[in-house]
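The structure appears below as structure tokens.
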Amino acid sequence: MNRHTHRLSRVIHEKPFCICQAASVLSIFHNDIIAYVLNLSIVLGQFSVIFNLAYFKNFGYNEIIFKFFMLKELPKIYNPKDVEDSIYKKWEESGFFNPDNLDTKKDAKNYCISMPPPNVTGVLHMGHSAMLAIEDILTRHHRMKGDRTLWLPGTDHAAIATQTKVEKILKEEGINRHELGREKFLERVKKFAQESHDTIEGQIKKMGSSCDWSREAYTLDETRTKAVRSVFKMMYDDGLIYRGDRVVNWCPRCHSTLADDEVEYKEQKTKLYWIKYGPFVLATTRPETKLGDTAVAVHPSDKRYKDMIGKKYNIPGVLGDFEITVVGDRSVDSEFGSGAIKVTPAHSMVDSEIAERHNLPARKIINEDGKMMDNCGKYAGMTTKEARKEIVKDMEKMNLIDRVDEKYDNKLSICYRCDTPIEPLPSLQWFIDVNKKIPSRDNKTIKELSVEAVKSGVFGREKINIYPERFEKNYFHWMNDLKDWCISRQILFGHQIPVWYKDKEDITSVLFLRHGQTDWNVKSIMQGRKETDINETGRKQSEEKIDIVKEFNPDIIISSPLRRTLDSAKIVANDEFKVVTDERIIERSYGEIEGLHVSEIQKKFPEAESFTREGGGTPYLIKAPGVETYRQVFDRIEDFLKDIAKKYKGKRVVVMSHTDPLDMSEAIIEGLPWKDAIGSWHDNGRIAKFLIKNEKDELVCGKDFNNSQNIYVGIDKPKGKRWVQDTDTLDTWFSSGLWTFSTLASSPEQIKIENGKLVIDSDDFRNFHPTNVLETGYDILFFWIARMIIMTTYAIEDIPFQDVYLHGLVLDEKGKKMSKSKGNTIDPLEMIEKYGTDATRLSLVIGSTPGNDTKLSEEKIAGYRNFTNKLWNISRFIIGSRELKEEKLDDKNLTLADKWILGKMKNLIEDIDKDIEEYKFSQAGEKLREFTWNDFADWYLETSKFEENKQEKDIILVMILKDLLKLWHPFIPFVTEEIWGQMNNGDLLMIEKWPDNSFYKDIEGSSDNEFEKVIDIISAIRNARAENKIEPAKKVEAIIYAGKNLDLIKSQKILIKSLKTGIENLEIKKSGKIPEQAIKIVENGAEIYLIGAIDKEKEKKRTMKEIENLEKYIKGIENKLKNKVFAERAPKAVVKTEKDNLKNSEEKLKELKNI
RNA sequence: GGGUCUGUAGCUCAGCUGGUUAGAGCGCUACGUUGACAUCGUAGAGGUCAGCAGUUCGAAUCUGCUCAGACCCACCA
């Protein structure tokens, strides 16, 4: 190519018209060749070729002119929008995000960061951007340093958050999740998660993140699932995971448990009720929980109540008297309120702990919907809020309220996802025991392991460092207070708990269902054995049960022989299951009442007996002429159930029947007298298990699922039929706790359990784990970082990362949290669009310190946009006016300014390296900015316009620019890469080697440089001109009496004259006569006189002020030096510098006064 | 109640283990478009380092207290 270029350029030079004519006549030139010739012609200044080519090839002149400027110069203003996407594409296509493709040395260090996986719930915010910017800086820096560098990206399924989001979307569409059914709903969630993931991935790329997409992970993918299940199994086998019926934080809206730290508190004013409570008066904010009280607790040493401890009292309540025990418990504060508290073990965390200590019974009164349960009489079915209102009303009537504090400060616990008030209630859940000693881990608890990892180090690793260090204290605090971690969630989206249940062999499971509605039902007409058909609604009701039946997977469906039940049974069977009939589950016989409206019964048969439940509702017919009694129904149902328990031993049966028989089956299931079960049937399907005891042949209802089931915990579904997986899912932090190591496996096969320890059998794991640094916001220190340490130290007996770097939160300009509802969000994408990614990154990195919140404003981003443009123009100047050559520098021809900038550069490289290593990104950024703008652009670049050693200047300018681009690259990857490309450097800047400062070190005289003095002198002259209002355009004459700096100043004559000092004639002498009518400046021992155009008054004022300042300063030093103790005790170096300062100042003062 | 942090120029913040005439950016004021850049240049004004006391030859920096603010944890019966 070179040879051709050479020849072509000669032809263009010598015979330009030949080229043009060849082009016109033969038309053989390919467009590419035209462009090439054009380019060459421009460089050679052969404009005739350009214009002729344009003519012959029908290029418009505009296009030619455009091309001309494009080729010769870069655009005046850097436009990030035009280049960022294509640069990212170039990086990505290069493959160098993947460490396997990097040309690293064999003994290169490994460096790895796991990206904190953003939730797949929506879009990127500034917090993510800050995280990505910082991690990208670290990644790019290490990559350029030659490390085998991996930044591993991924996303988090964020169970509750994602499900909540999809529910919201569905709600807007008017769909209910329960209508949709489990499978279809999950499909929707997955679709949403996928879309959301794609959006987020695009946004991560927009930020310029150089992460390795080929290794991307998802907390819910196959490989991560294997890890989750393996660790669950290990923990279960080690007895760390247990299932317990305990009071948990329950969100009635999410219908799920929450971990302790997922509960948030909201300040609110509430009423505090002082209620009369037998012999006590005590305060409560929740009077409705009185229905669940079983005790009163007082402090054991409280004199007022001491004698009452252990006694039982009858307390009057809205549903009649009830009995409580008085217990003494240290948790009670006798100073607060009346010093006595009511204990509701089922609906308060603290109370349940008290109850546990004193073995108190619990009475559950609030259900999973946050509503009062059936045992609450007339309050049943009300929400807690409604019930509170009613109960308070009733208590007032009964004179049970002593007084009410109207505006009591209270903190309401709410769900961190949906702000719904939390309802503590007892529930069967899975927990991780944090205080159990693990024999295979040196008998340590996971708590102890996690504390040790940060305190002193574990498994032969150094301690984990948290930056800023103060968060280590918070960490220990939290870890020491940690309670058992509830890991099961009642939501659909997430890792289903890897536990399978199977009924024991002699168990029969029965699913009870009621037929669909008929018209008679709607009209409240007594409907017994008379054949009627289900209506449209009835059909739908049955169709909704298809999924339930399918999941239950029955061996047979037994239906009452009536048409309405049989039809319903056929619908739910959905052609998949066999349907048979059985006379014993037929509806009650209503005899003469059949076909009557409910209200007509009493009229026609006054002797009829009916029964109404407490709290009201429809009366139930007990006895009437010719009507089958409940007792009779009970008996035939019991007979039926005994029969199928025998006949279908170990099988599953669906029973399709009617209200009254189902009520009786409820009585049998619950072991209640028949009367108590009347009206108890809720038409939502109910599963019961029956066991025939061999010796007595008794029908036993299996309410206790645990004893009736086999349990299996493992990775995969166990072999054999009938195993049903736990429908609960795991807390999302369980899977994210495994993030650092689970992401280093590329397939499920690489994850194994060996000797009670998790093994990741992959090169990535061996190379990159523990990861080097975990970088994230301090707000998830406990949520996530602590859990990663817990899970990793336990599962693989190692630490997840060596360092933790915590950044602050990104707040708005007023210091408020950004939130959509407040409308104060700054959208990163919008800022990128407007100011470019680089500017956005800088605004997040510079001016923020680790662990401290940062205020961000659009102006700040615009400010850094100005900087990227400045860098662009610096480069534009060098590229456009200098020969881009890399040659050896001849030290002999270097000016003072050259050596000065080279010395500065040497220090800069050292500083930046160190700052990044120490996570001082802001400091590094500021130093770079300072050097680039002030030293390099404002001073050095200016000298290059006037100093005459062009050869050396070219070399230095290009060299420094290149190294500067490298230093800047981790911070502002796009603009640096673009400039790098414009300089015709072959490879990507991204993989260039990090600058080596040994070159700069070798330049003699680059340190201890006196150029600063020249800067001072020039600034002083400019200052004097400005102060004296000398117009910039006006030239002045100047004389400098340089004294001992004669040589220095003489050598810098050209700069002193040229750098915006407006000096026409400059005379430099050692000393001389003071000129008339001149401004006098004293700087660095030199006297400078500007002749002509003086405002005497102003000049005098200026001098006086300077003298004044100086005298003050001198006096200060003198006092200090006079002090004997100072001279004695201060280090010699300090004393010496003070003495030097004094001497210099005194000299200057003398000169100033000498006018 | 327990804990952590912050208070430095009008604004946003640097200032590490005590030694600077206390810095930067933005903003402000004045002047300026000579070919890299007005997304720019030159120059300037602006601070009792929250307050008080102590340690020290010397404190923005270390200690104690006070005031103001932020956040985290626990509890609020």
Side-chain angles (χ1 to χ4, degrees), chain A residues 73-74 76-78 260-261 265 272 282-286 289 297 331-333 336-344 348-351 408-411 468 470-471 473-474 477-478 481 778-779 781-782 809 811 813 815 835 839 846-849 851-857 859-860 862-881 918 920 922-923 926 929-930 933-934 937-938 941-942 945 1019 1022-1027 1029-1033 1059-1061 1109-1110 1112-1114 1116-1117 1120 1123-1131 1133-1135 1137-1138 1141 1145:
Chain A
E73 278 186 36
L74 306 173
K76 258 179 134 171
I77 285 172
Y78 170 60
D260 290 344
D261 48 13
Y265 297 92
L272 182 68
L282 41 81
T284 179
T285 52
R286 300 198 57 186
T289 60
S331 69
V332 181
D333 177 6
F336 190 93
S338 61
I341 63 170
K342 63 191 208 60
V343 181
T344 323
S348 153
M349 290 285 187
V350 190
D351 293 4
Y408 177 72
D409 284 316
N410 185 19
K411 270 184 200 164
R470 64 184 147 93
F471 283 99
K473 279 182 223 161
N474 292 5
H477 219 87
W478 185 85
D481 283 351
Y778 67 78
D779 52 331
L781 176 64
F782 306 134
L809 308 179
L811 308 173
E813 52 201 310
Y835 303 106
I846 299 186
S848 71
T849 37
N852 290 335
D853 298 347
T854 337
K855 291 174 194 167
L856 184 68
S857 60
E859 290 83 72
K860 194 172 172 188
Y864 288 110
R865 185 270 320 267
N866 295 356
F867 174 76
T868 56
N869 194 56
K870 183 73 183 181
L871 182 62
W872 177 259
N873 272 294
I874 292 167
S875 313
R876 183 169 171 252
F877 173 67
I878 295 172
I879 295 169
S881 66
E918 292 173 359
K920 294 175 180 169
S922 176
Q923 202 168 303
E926 269 178 80
R929 185 190 186 283
E930 161 87 13
W933 205 319
N934 300 353
D938 289 350
L941 228 50
E942 292 303 316
K945 290 175 186 169
S1019 301
R1022 288 171 179 170
N1023 180 347
R1025 286 184 62 116
E1027 291 276 316
K1029 306 247 183 244
I1030 302 172
E1031 283 169 41
L1059 293 182
K1060 292 190 172 147
T1061 48
N1109 283 341
L1110 210 52
K1112 228 190 265 171
Y1113 178 52
I1114 288 170
I1117 302 179
K1120 206 185 249 181
N1123 190 334
K1124 270 185 202 162
V1125 202
F1126 172 74
E1128 276 167 27
R1129 299 204 188 167
V1134 175
V1135 179
T1137 45
E1138 291 295 350
N1141 285 344
S1145 315

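In what follows, every chain begins at residue 1, and chains take the letters A, B, ... in the order their sequences are listed.
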Does the base of B:A36 carry an N or O that pairs as donor and acceptor with the side chain of A:Lys945 under 3.5 Å?
yes
Select one nucleotide: of B:U34, B:A36, B:C26, the one nearest the side-chain heavy atoms of A:Asn873.
B:A36
Give me the distance, rounded to whole Å, that separates B:G27 from B:G10 when you measure between the C1' atoms they each carry.
7 Å
For A:Arg286, which contact category applies under a 4.0 Å heavy-atom criterion: base, sugar-phosphate, or nothing?
nothing
Scan A:Thr285 against the nucleic acid and name what it touches under 4.0 Å (heavy atoms): base, sugar-phosphate only, or nothing.
sugar-phosphate
What interatomic distance, in whole Å, is found between C1' of B:U56 and the corresponding atom of B:C71?
35 Å
Could you write out each protein N or O paired with an N or O of nucleotides 17-22 of chain B at a distance under 3.5 Å?
residue	atom	partner	partner atom	Å
B:U21	OP1	A:Tyr1113	OH	2.5

Looking only at N and O atoms, is any donor in the side chain of A:Arg470 or the base of B:U4 less than 3.5 Å from an acceptor on the other one?
no
Distance check needed: B:G35 P versus A:Glu942 CD, whole Å only.
12 Å
Distance between P atoms of B:U34 and B:C49 (Å, rounded)
45 Å
Can you confirm whether the side chains of A:Thr289 and A:Lys342 place a donor and an acceptor under 3.5 Å from each other?
yes
Atom-to-atom span, CG of A:Leu941 to C1' of B:C40 - whole angstrom:
13 Å
Same-atom distance (C1') from B:G47 to B:U20, integer angstrom
15 Å
Please classify the nucleic acid contact of A:Glu918 as base, sugar-phosphate, or nothing, using heavy-atom distances under 4.0 Å.
nothing
Can you tell me, in whole Å, how much space there is between the C1' of B:U4 and that of B:G58?
31 Å
From NZ of A:Lys1060 over to P of B:C31, roughly how many Å is that when rounded to an integer?
17 Å
Which part of the nucleic acid, if any, lies within reach of A:Arg1022 when heavy atoms closer than 4.0 Å are counted: base, sugar-phosphate only, or nothing?
sugar-phosphate
Taking OH from A:Tyr778 and C1' from B:C73, how many angstroms apart are they, rounded to a whole number?
14 Å
Pairwise P distance, B:C37 and B:U42 [rounded to whole Å]:
15 Å
Please report the interatomic distance CG(A:Asp779) to CG(A:Leu809), rounded to the nearest 0.5 Å.
5.0 Å
Listed nucleotide nearest any side-chain atom of A:Asn1023, set B:A43, B:A30, B:A36:
B:A43
In whole angstroms, the gap separating C1' of B:C40 from CG of A:Asp938 amounts to 10 Å
Flag, side chain of A:Arg1025 to backbone of A:Lys1060, donor-acceptor distance under 3.5 Å
no
What orientation do A:Phe867 and A:Trp933 show, parallel under 30°, tilted 30 to 60°, or perpendicular over 60°?
tilted
Given B:G3, B:C31, B:A77, the nucleotide with the shortest approach to the side chain of A:Ile341
B:A77
So, taking the atom named CG in A:Leu811 and the one named CG in A:Leu856, what distance separates them when rounded to the nearest 0.5 Å?
9.5 Å
From A:Phe471 CZ over to A:Phe782 CZ, what is the distance, rounded to the nearest 0.5 angstrom?
8.5 Å
If you define the side chain from C-beta out and look only at heavy atoms, does anything of A:Glu813 sit under 4.5 Å from A:Glu859?
yes
Test item: A:Thr849 side-chain N/O and A:Asn852 main-chain N/O as donor-acceptor pair under 3.5 Å
no
Starting the side chain at C-beta, find the nucleotide from B:G41, B:A36, B:A43 nearest to A:Arg876.
B:A36
Using a 4.0 Å heavy-atom cut-off, does A:Phe782 contact any base of the nucleic acid, only the sugar-phosphate backbone, or nothing at all?
sugar-phosphate
Can you tell if the side chain of A:Leu871 reaches within under 4.5 Å of the side chain of A:Tyr78, non-hydrogen atoms only?
no
Nearest to the side chain of A:Lys1029 - B:A36, B:U39, B:A30?
B:A30
All N/O contacts under 3.5 Å from nucleotides 12-15 of chain B to the protein, with atom names and distances to one decimal?
residue	atom	partner	partner atom	Å
B:U12	OP1	A:Lys855	NZ	3.4
B:C13	OP2	A:Lys855	NZ	3.3
B:A14	OP1	A:Thr849	OG1	2.6

Are A:Asp853 and A:Tyr778 linked by a side-chain donor-acceptor pair shorter than 3.5 Å?
yes
N-O pairing of A:Glu926 and A:Arg929 below 4.0 Å
no
Could you check which of B:G44, B:G32, B:A36 has an atom nearest any side-chain atom of A:Pro1032?
B:G32
Atom pair distance, as rounded to whole Å: CG in A:Asn1123 and C1' in B:G58
9 Å
On a heavy-atom basis, the closest approach of A:Ser1145 and A:Leu1110 is O-CD2, 3.7 Å
State, yes or no, whether a side-chain contact exists between A:Asn873 and A:Arg876 at a heavy-atom distance under 4.5 Å.
yes
At under 4.0 Å, does any side-chain N or O of A:Lys870 touch on OP1 or OP2 of B:G41?
yes
Using atom CG of A:Leu809 as one end and atom P of B:C71 as the other, report the distance to the nearest whole Å.
10 Å
Among B:U4, B:U39, B:G41, which nucleotide has an atom closest to any side-chain atom of A:Lys473?
B:U4
Would A:Lys1120 and A:Asn1141 satisfy side-chain contact (heavy atoms from CB on, under 4.5 Å), going step by step from the backbone distance to the final call?
CA-CA 12 Å; A:Lys1120 206 185 249 181; A:Asn1141 285 344; over 6 Å; no
Pick the closest RNA chain B nucleotide for A:Ser331 and for A:His477 by heavy atoms, then say which residue is nearer the 5' end.
A:His477
Would you tell me if any nitrogen or oxygen in the side chain of A:Asn866 comes within less than 4.0 Å of OP1 or OP2 on B:C40?
yes
Let me know the distance between CG of A:Asp779 and P of B:C73, rounded to the nearest Å.
11 Å
Range-with-range stems of RNA chain B (Watson-Crick or G-U pairs under 3.5 Å, three or more in a row)
B:1-7 with B:67-73, B:10-13 with B:23-26, B:28-32 with B:40-44, B:50-54 with B:62-66
Applying a 4.0 Å non-hydrogen cut-off, can you work out what A:Leu282 is touching in the nucleic acid: base, sugar-phosphate, or nothing?
nothing
Distance test, side-chain N/O of A:Trp933 to OP1/OP2 of B:G41, below 4.0 Å:
yes
Heavy-atom neighbours of A:Glu1031 CD exceed 12 at 6.0 Å:
no
Checking all strands, does A:Val332 fall into the base, sugar-phosphate, or nothing category for heavy-atom contacts under 4.0 angstrom?
base
